[in-house]
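A short write-up of the structure that comes next.
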Amino acid sequence: MEHIKNSTAYYVELEERYGAHNYHPLDVVIERGEGVWVTDVEGKRYLDFLSAYSALNQGHAHPKIAKAMIEQAQKVTLTSRAFRNDQLGPFYQELCELTGYEKVLPMNSGAEAVETALKAARKWGYSVKGVPEGQAEIIVCEGNFAGRTISIISFSTEEQYREGFSPYTEGFKIIPYGNADALAAAITPNTVAFLFEPIQGEGGIIVPPDGYLKRVRDICTQNNILMIADEIQTGLGRTGRLFALDHEEVKADVVTLGKALSGGFYPVSAVISREDVLGVFRPGDHGSTFGGNPLACAVARAALRVLIEENMIENAEKMGAYLKAKLQSIRSPHIKEVRGKGLLIGVELHPTSGGARRFCEALQQEGLLCKETHHHIIRFAPPLVITQEQIDWAFERIERVLMMP
Ligand SMILES: *Cc1c(COP(=O)(O)O)cnc(C)c1O
């Protein structure tokens, strides 16, 4: 190894040499994080404007979540679901009371929560709705992102996510996003569910037209199909409401949660739904060794508590509106559109601007970390604890970078 130990180049080279190259990260090697700030191995400080794709809504290393995690780690971390533990029941109760849903099924990653929701929907279709075995259809949208398992990439419309990974799982039908008429037209007697994101995150911060969520709700109810909202990225305050669904006061039949459910400490995900949906699972139907473990539950309980107690959702709404208005005021020839809700904001650049990555790299030089999505969209999603002064600090740099040639 040529490079000086502990330098950025040293760690980059280790990752490149020994790791699979399934990501193309910015070359910043983070050593510490606190609130909205991270520090790299060379002592340079950055404002985190990505929040690990919204897993860090509560900010880096929130002291109350850290305390809960350490205390639980010293008691018991894993029981498996072969036995019960004293964190699981209280976690269920607190999550249900906060969200207004009846039942919880805990998992680890977001993709697992989505897989669980799809399994629940299929089994509900057969055992409750009466769809003939083997015929269940689930409708999804173009531009969806729900994770990377074989079944989930089977209904992706992103060619790179699928290419080389066939054969695919059957039973999915793809319609345009944000078009309720297309949903109504796609439903057949064998349709069991509609899986969608209330705002498409990885798809490019795509906000559906006003009234879409309500119409989806009505169509799902009228046709007796499950409305499955994937709130893994949009949920838990990110858009300025607890759920993005709340912008239209809509309740889904099934909601998937992940990312910020642990405040970034640990993989924790969950499906929340009704008794008649999650009730289709009998012992042995589904499971996970780590799902619902006491460490995960203690961390999630603390993560939910601080989200509410510290008014992070209200702050996301206020700071999001403030940041979006400022971004919309930039007179840059590169900007095609600024869109989003709360602190989930996309800046779409013109195709002629040379891609979003060079702007993200320039922002890195300026001390602000963010990431492009879909080549020409920059996503801004800072932790929900961000202050107005910190946004002003960030904006000065964003404006400067977006004004470069
Ligand atoms: C991130 C994400 C997932 C997948 O979560 P993982 O923890 O990466 O498996 C699923 N759905 C949406 C909307 C996401 O943003």
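Order of listing sets the numbers, starting from 1, for every ligand and every atom in it.
Checked against the 6.0 Å centroid criterion, the rings of Y212 and Y177 qualify as a close aromatic pair. In this structure, F265 has its ring center no closer than 6.0 Å to that of H62.
The contact shell of ligand 1, taken as protein residues with any non-hydrogen atom closer than 4.0 angstrom, comprises S109, G110, A111, F145, A146, G147, E197, D230, I232, Q233, K259.
Judged by the 6.0 Å distance and 45° axis criteria, R339 is not positioned over the aromatic ring of F380.
Between K75 and E71 there is no salt bridge, since no side-chain N of the basic residue sits under 4.0 Å from a carboxylate O of the acidic one. A salt bridge between E248 and K214 is absent, with no side-chain N of the basic residue lying under 4.0 Å from a carboxylate O of the acidic one. Salt bridge E158/R162: absent, no basic N to carboxylate O contact under 4.0 Å.
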